[in-house]
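What you are looking at is a predicted structure, and each value in this text was computed from that prediction instead of being measured. Throughout, residue positions are numbered sequentially from 1 according to the sequence presented.
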Amino acid sequence: MNHTLHLCSVRDGADELAAVVHPRRGLALVRDLLPDFTGDIRQVLAEDLLERLEKLAETADGGVFRDPEKVTYGAPYRHPRMLWGIGLNYVEHASDLSEGVPEEPASFIKGDHTVIGPGEDIPIPVQSERTTTEAEVAVVIGRYCRNVEVDDALDYVAGVVPVLDQTAEDILQLNPRFLTRSKNFPGFFSFGPRIVPLAEAVGTGTLADMQVSTVVNGEVRRTNTVSHMRYSPEYLVSFHSKVMPLYPGDIISTGTPGAIHIRPGDTAECRVSGVGTLRNPVTSGS
């Protein structure tokens, strides 16, 4: 997909409002460009509004734009229809856990109740004594996608976004079949602040050059490049499109270079080169 706008939401009191960031003009609320629009960024994708918004953002009155550094971002949207995670996708991470990379992607599904945005608390559940945070880069599907081949897969991607995926690791270690349970506590999927177009994210390089880092309390604990994934983002899109249809706003989080134990009082970060930084405080849950 060819577009230049970043996709995001901004907080306005108790509300989160869909917004776009133009590379030169700044941030504008979607409703200021499309006065009848009342939905979220997922709806922008579902209704195929990106091309129209691109044109409107070029010609709109300058008064609708604001400084993107002076707003508070929420999650780009709260209710993805489908949220895939991928386990053990970096060879080095798999070896850390004394496991091999699976012969096919080890995917799992998370519910939208896990979704939080930048700056929101990651609550450690009382059931877990060892919860980890995992920095990842996710791809966001931009248009209907079914049975696509690897070479065409990125044409269906609206952009990429930083993710913090949490796991109750001690629960998972009890039994690998507890994967869904260990991944689905509230606050266990943070994403944002912006969905960045693929062309901008990779710049003059390629998606394989993108660096992903898990950071806790300002210290880079694990880092790696997409080139060291066993299954590339484009392969993951193709693979899952052959399992089921993928729709605009569906998310595939592509795996972590390393999971780090977190405790209440910590600050977790995902840093993705060319895309941005996602930061969340860690608290005690209930």
Side-chain angles (χ1 to χ4, degrees), residues 1-81 115 117-119 137-145 148 152-163 191-207 210 233 237 246-251 272-278:
M1 298 180 67
N2 295 317
H3 66 98
T4 63
L5 297 177
H6 292 201
L7 308 176
C8 57
S9 75
V10 297
R11 294 189 180 127
D12 181 17
D15 297 325
E16 288 184 332
L17 306 175
V20 297
V21 181
H22 186 279
R24 298 187 312 278
R25 308 194 73 192
L27 182 144
L29 299 180
V30 175
R31 70 182 187 187
D32 289 338
L33 300 174
L34 290 169
D36 295 331
F37 184 83
T38 58
D40 60 10
I41 288 298
R42 180 185 165 198
Q43 187 175 335
V44 167
L45 296 173
E47 296 186 5
D48 196 21
L49 297 175
L50 265 181
E51 184 175 350
R52 187 176 174 193
L53 285 170
E54 289 273 356
K55 294 175 181 178
L56 290 169
E58 289 287 350
T59 59
D61 183 270
V64 306
F65 293 94
R66 63 186 81 177
D67 186 341
E69 302 302 320
K70 295 182 179 179
V71 301
T72 301
Y73 291 95
Y77 43 96
R78 294 281 171 173
H79 301 289
R81 188 200 69 92
V115 171
V137 61
V139 293
V140 178
I141 301 301
R143 59 193 179 100
Y144 179 82
C145 178
V148 303
D152 300 320
L154 295 182
D155 293 339
Y156 295 83
V157 171
V160 291
V161 63
V163 162
F191 81 122
R194 305 184 202 170
I195 301 168
V196 177
L198 198 57
E200 178 182 339
V202 301
T204 58
T206 68
L207 185 55
M210 189 175 289
V237 172
L246 301 177
Y247 289 88
D250 287 357
I251 299 170
V272 181
S273 61
V275 181
T277 298
L278 170 65

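- The two residues Arg78 and Val115 have their closest heavy-atom pair at NH1-O, 3.6 Å.
- Considering OH of Tyr247 and CG of Leu45, their distance stands at 15.0 Å, rounded to 0.5 Å.
- Taking CD of Glu51 as the reference point, atom CG of Leu56 lies at 11.0 Å (rounded to 0.5 Å).
- Atom CD of residue Glu58 and atom CZ of residue Arg25 lie 7.5 Å apart, to the nearest 0.5 angstrom.
- Proximity of Val10 to Tyr73: side-chain heavy atoms (C-beta onward) are separated by under 4.5 Å at one or more points.
- In this structure, a donor-acceptor pair under 3.5 Å is present between the side chains of Glu54 and Thr4.
- Here the SG-CG distance, from Cys8 to Asp40, works out to 12.5 Å after rounding to the nearest 0.5 Å.
- Residues Tyr77 and Gln43 form no side-chain contact, since every pair of their non-hydrogen atoms from C-beta on lies 4.5 Å or further apart.
- Residues Ile141 and Cys145 approach most closely at CG2-CB, 4.4 Å, considering heavy atoms.
- Going from atom CZ of Arg31 over to atom CG of Leu17 covers 5.0 Å, rounded to the nearest 0.5 Å.
- Looking at Leu53 and Val44, their side chains come closer than 4.5 Å, going by heavy atoms from C-beta outward.
- The environment of CG in Asn2 is sparse: at most 12 heavy-atom neighbours from other residues, nucleotides or ligands sit within 6.0 Å.
- By the neighbour-count criterion of 12 heavy atoms within 6.0 Å, atom CZ of Arg81 is densely surrounded, having more than that number from other residues, nucleotides or ligands.
- Residue Asp152 qualifies as enclosed at atom CG: its count of foreign heavy atoms under 6.0 Å is above 12.
- Taking 4.5 Å as the limit, some side-chain heavy atom of Asp155 sits within range of a side-chain heavy atom of Arg143.
- To the nearest 0.5 angstrom, Ile251 atom CD1 is 12.0 Å from Leu246 atom CG.
- Taking each heavy atom of Ala57 and His22 in turn, the nearest pair found is CB-CD2, 3.9 Å.
- The side-chain heavy atoms of Leu50 and Leu7, taken from C-beta on, include a pair separated by under 4.5 Å.
- Here the closest non-hydrogen pair linking Pro76 and Ile195 is CB-CD1, 3.9 Å.
- With contacts defined as side-chain heavy-atom distances shorter than 4.5 Å, the pair Arg194/Pro68 qualifies.
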